[in-house]
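Below is one structure, written out as structure tokens, with a few remarks after it.
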Amino acid sequence: MLSMDSTLRPMSTAQVLDRTFHLYKNHFLLFAGIAALPPAVILLWQASFALLTFVPFVDRNPVSAGIAFALGIIVMAVGYLAALSFATGATVYAVSRVHLGHTVRIGESYKVIRPLLWRIVRIVISVAVRFVGALGIAVLVGVAPMALLRVIPPSLNPANSVLVMWVGGTLVVAAVIACAIWSLRLYCSYQLAVPVCVLEKLGAAACLKRSRFLSKGKGVQRILLILFLCAIFTYVLAIALSVQILIFAALGVAGKTPGLAVPIVIWQYLASFLAGAIAGPVVTIAVALLYYDERVRKEAFDLQLLMEAMGEASSASPATAAASGAIG
């Protein structure tokens, strides 16, 4: 059943985070199971690479080894991109079900997302390219003036030259900060594109455009804050799972006891996998909830859901009455 108190009302950022951890805690196995796919791809690649170093018949030629390593990186990157897109879409679908009071399974989530996988991949790549391009502009703004100063010979006296450099340096720093903020805002404005794709079944370009509409206003700041807090949570969890490795490294245990080197590496791989599986779904859950909240605020989505529920109830009543009459 749809809960009026938990879903059909606008939520503050704090309430979104509270609802996020409430859903995550009550459906931990569901979300962790879905989110385990991307880190599992990395774990498989790490295990394969580690095993190859112990295989005696592997070609040790530096050139062939370098080519094999590069191909392995490409295969891993493609596999991780597909797994990340798959898991993100499946998590959004699972959030939509449990948030509205329904039940869902891991297999069902992946099955529903399978036809949308390529569309989600295109969205993820498009957002990444735009963000990297925006960061590239920020870097160019900072590097270009310094390159020009080296090419153009100074024509001012030393006092004026120092003043120009200070003023110019301040302007360059301000421009770089402005470009970096713009790139972050651009990145955040596209974070609702995957929920739009999963829940509204629009094309990739339409999802990006609609995401910018839904995140307009304070939505970008809320998304940025949630991404920042989730990043801190992920970092703390990763440190907590890797603290034993850090202690061993500080004490030089691996060097003093070579037999522990392999177990330490294995635990490092497992810790990365657990951190990704446990922390991975948190930001996706929060973003999916923000999608619903922004629709409630901008499009009265709560009234739409309520009218749909009332329509289903009214259409079911005649059918129930007819069935009762047939039985009588």
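Predicted, not measured: the structure shown is a model, and the values here were computed from it. Atom set for the values below is all heavy atoms of this structure, side chains included, hydrogens, waters and symmetry mates excluded.
Under a cut-off of 6.0 angstrom, the local environment of NZ in Lys209 is sparse, with at most 12 non-hydrogen atoms contributed by other residues, nucleotides or ligands.
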Item to check | Trace of the side-chain contact (heavy atoms from CB on, under 4.5 Å) decision for Leu186 with Tyr190 | outcome: CA-CA 7 Å; Leu186 183 69; Tyr190 290 123; 3.6 Å; yes
Checklist entry - So Arg19 and His99, side-chain contact (heavy atoms from CB on, under 4.5 Å) or not? Walk me through it. => result CA-CA 9 Å; Arg19 180 68 175 166; His99 181 55; 3.2 Å; yes
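At least one side-chain heavy atom of Tyr24 sits less than 4.5 Å from a side-chain heavy atom of Ile278. For the pair Leu289/Leu23, a side-chain contact is recorded, criterion being any heavy-atom separation below 4.5 Å from C-beta on. With a 4.5 Å cut-off on side-chain heavy atoms, Leu208 and Arg130 count as touching. Put simply, the side chain of Val127 reaches to within 4.5 Å of the side chain of Gln191, judged on heavy atoms. Taking 4.5 Å as the limit, some side-chain heavy atom of Glu200 sits within range of a side-chain heavy atom of Tyr291. When side chains are defined from C-beta on, Ser183 does not count as touching Ile137, because their heavy atoms never get closer than 4.5 Å. With a 4.5 Å cut-off on side-chain heavy atoms, Phe31 and Thr284 do not count as touching. Here the side chains of Ile42 and Ser272 are not in contact, with every heavy-atom distance at 4.5 Å or above.
A single hydrophobic cluster is seen to contain both Leu225 and Val236, as judged by linkage of ILVMFWY side chains at heavy-atom distances under 4.5 Å, directly or through other members. Hydrophobic clustering of Ile, Leu, Val, Met, Phe, Trp and Tyr side chains at less than 4.5 Å, counting indirect connections, unites Phe21 with Val283.
Counted by atom type alone, Asp18 and His22 present zero donor-acceptor pairs between their side chains at under 3.5 Å.
Ring pair Tyr187/Phe131 is tilted by interplanar angle, where 30° to 60° counts as tilted. Using cut-offs of 30° and 60° on the angle between ring planes, the pair Tyr110 and Phe86 is perpendicular.
The CZ atom of Arg105 sits 12.5 Å away from atom CD1 of Ile34, with the distance rounded to the nearest 0.5 Å. Taking CG of Leu81 as the start and CD1 of Ile125 as the end, the distance is 5.0 Å to the nearest 0.5 Å. A distance of 12.5 Å separates NE2 in His27 from CD1 in Ile106, rounded to the nearest 0.5 Å. Rounded to the nearest 0.5 angstrom, Leu17 CG and Leu229 CG are separated by 6.0 Å. Atom CD1 of Ile226 is separated from atom OG1 of Thr20 by 6.0 Å, given to the nearest 0.5 angstrom.
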Contacts table for residues 87-98: side-chain donor-acceptor under 3.5 angstrom, sequence neighbours left out:
{"residue": "Thr88", "atom": "OG1", "partner": "Leu84", "partner atom": "O", "Å": "2.7"}
{"residue": "Thr91", "atom": "OG1", "partner": "Ala87", "partner atom": "O", "Å": "2.7"}
{"residue": "Tyr93", "atom": "OH", "partner": "Glu108", "partner atom": "OE2", "Å": "2.9"}
{"residue": "Ser96", "atom": "OG", "partner": "Tyr93", "partner atom": "O", "Å": "2.5"}

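Arg297 places a side-chain N or O within 3.5 Å of a backbone atom of Met11 that can act as its donor or acceptor partner. No donor-acceptor distance shorter than 3.5 angstrom exists from the side chain of Arg210 to the backbone of Leu192, with no hydrogens or angles considered. Not one N or O on the side chain of Ser211 forms a donor-acceptor pair closer than 3.5 Å with the backbone of Cys207.
The shortest heavy-atom contact between Gly276 and Pro281 is O-CD, 4.3 Å. Of all the heavy atoms in Val104 and Ser109, the pair that sits closest is CG2-OG, 3.4 Å. The two residues Ile223 and Cys188 come nearest to each other via the heavy atoms CD1-O, 3.4 Å.
Residue pairs satisfying the side chain to side chain donor-acceptor pair (under 3.5 Å) criterion with at least one member in residues 222-233, sequence neighbours excluded, are listed as follows: Thr13-Arg222, Arg222-Asp293, Arg222-Glu294. For residues 206-232, no residue pair satisfies the ring-ring contact (aromatic ring centres under 6.0 Å, His included) rule, not counting sequence neighbours.
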